[in-house]
Amino acid sequence: ALGKGSIGAKTSERIALAVAELNGCAYCLSAHSYLGSNLAKLDAAELDANRRGNSGDSKAAAALRFASRVVGTRGHVTDEDLSAVKAAGYSEAEVIEIVLLVALNTLTTTAAGVRSQRYGTITEVVGMRTRGGRITAAATTGPARQPRPASSQPASSTPLLSTPLS
């Protein structure tokens, strides 16, 4: 979706790692650590820094601080936050791209969390394949796990869309 963005694959993966860490998604951390290491060629120290919202590259560090603020404030960043990321060299369009990457990665961490709560780990449901450097979802090698029976669901758990939308 944002593959043709201007901030590049390295910073995109850095942002994905920071968002996955902030949202507590182990699956996303694993996937983006792999992609960051093998496709974006980030070293282990950089991947670790990225998970903490930092980077050895000063421009990328500014993007990660801003992305972390977007997550932490649910998009209600301050003028100072915007000024800091722009002062690091990001254009208006690139700031929007950072926000869109945060939104995309928040969507995927949320979906992964819901999916794992309802059906088991997401890796049991969706297989990932790389094709020409791009990740594509592939069918699982075996049948997908069936939803857990209602009796095994935690008492506070409700099925998705069990309440009519109004």
Give a yes or no on whether the backbone of Asn105 and the side-chain of Thr109 come within a donor-acceptor separation of less than 3.5 Å. yes
When Ile, Leu, Val, Met, Phe, Trp and Tyr are grouped by side-chain heavy atoms lying under 4.5 Å apart, directly or through other members, which residues fall in the same group as Leu42? Leu17, Leu29, Leu47
What are the two closest non-hydrogen atoms of Thr11 and Ala60, and how far apart are they? OG1-CB, 4.1 Å
Does the side chain of Phe66 reach to within under 4.5 Å of the side chain of Val102, using non-hydrogen atoms? no
If the condition is side chain to side chain donor-acceptor pair (under 3.5 Å), which residues does Arg69 pass it with, not counting sequence neighbours? Asp81
Test your reading of the model: is there a side-chain donor-acceptor pair from Asp48 to the backbone of Ala44, 3.5 Å cut-off? no
With Asn54, which residues qualify under side chain to side chain donor-acceptor pair (under 3.5 Å), at least two apart? none
Quick check: do Glu13 and Leu39 have side-chain heavy atoms less than 4.5 Å from each other? no
Non-hydrogen side-chain atoms of Tyr90 and Ile7 separated by less than 4.5 Å: yes
Taking the side chain from Glu97 and the backbone from Glu94, do they hold a donor-acceptor pair closer than 3.5 Å? no
Could you name each residue pair satisfying side-chain hydrogen bond (donor to acceptor under 3.5 Å, both in side chains) that touches residues 55-65, not counting sequence neighbours? Glu46-Ser55
Nearest heavy-atom contact between Val85 and Ala62 is CG2-O, 4.0 Å
Between Ser12 and Gly8 the two heavy atoms that sit nearest each other are OG-O, 2.9 Å
Side chains of Asn23 and Thr110: does their closest heavy-atom pair fall under 4.5 Å? no
Flag side-chain contact, heavy atom, 4.5 Å: Glu92 against Lys86: yes
If you look only at pairs with a residue in residues 19-34, which of them pass as a salt bridge (Lys or Arg N to Asp or Glu O under 4.0 Å), with sequence neighbours excluded? Glu21-Arg51
Show the nearest heavy-atom pair for residues Gly53 and Ala18, with the distance to one decimal. CA-CB, 4.3 Å
Residue pairs fulfilling salt bridge (Lys or Arg N to Asp or Glu O under 4.0 Å) with at least one residue in residues 23-38, sequence neighbours excluded: none
Go through the steps for Ile96 and Leu100 under the test side-chain contact (heavy atoms from CB on, under 4.5 Å), then give the verdict. CA-CA 6 Å; Ile96 296 299; Leu100 292 173; 4.0 Å; yes
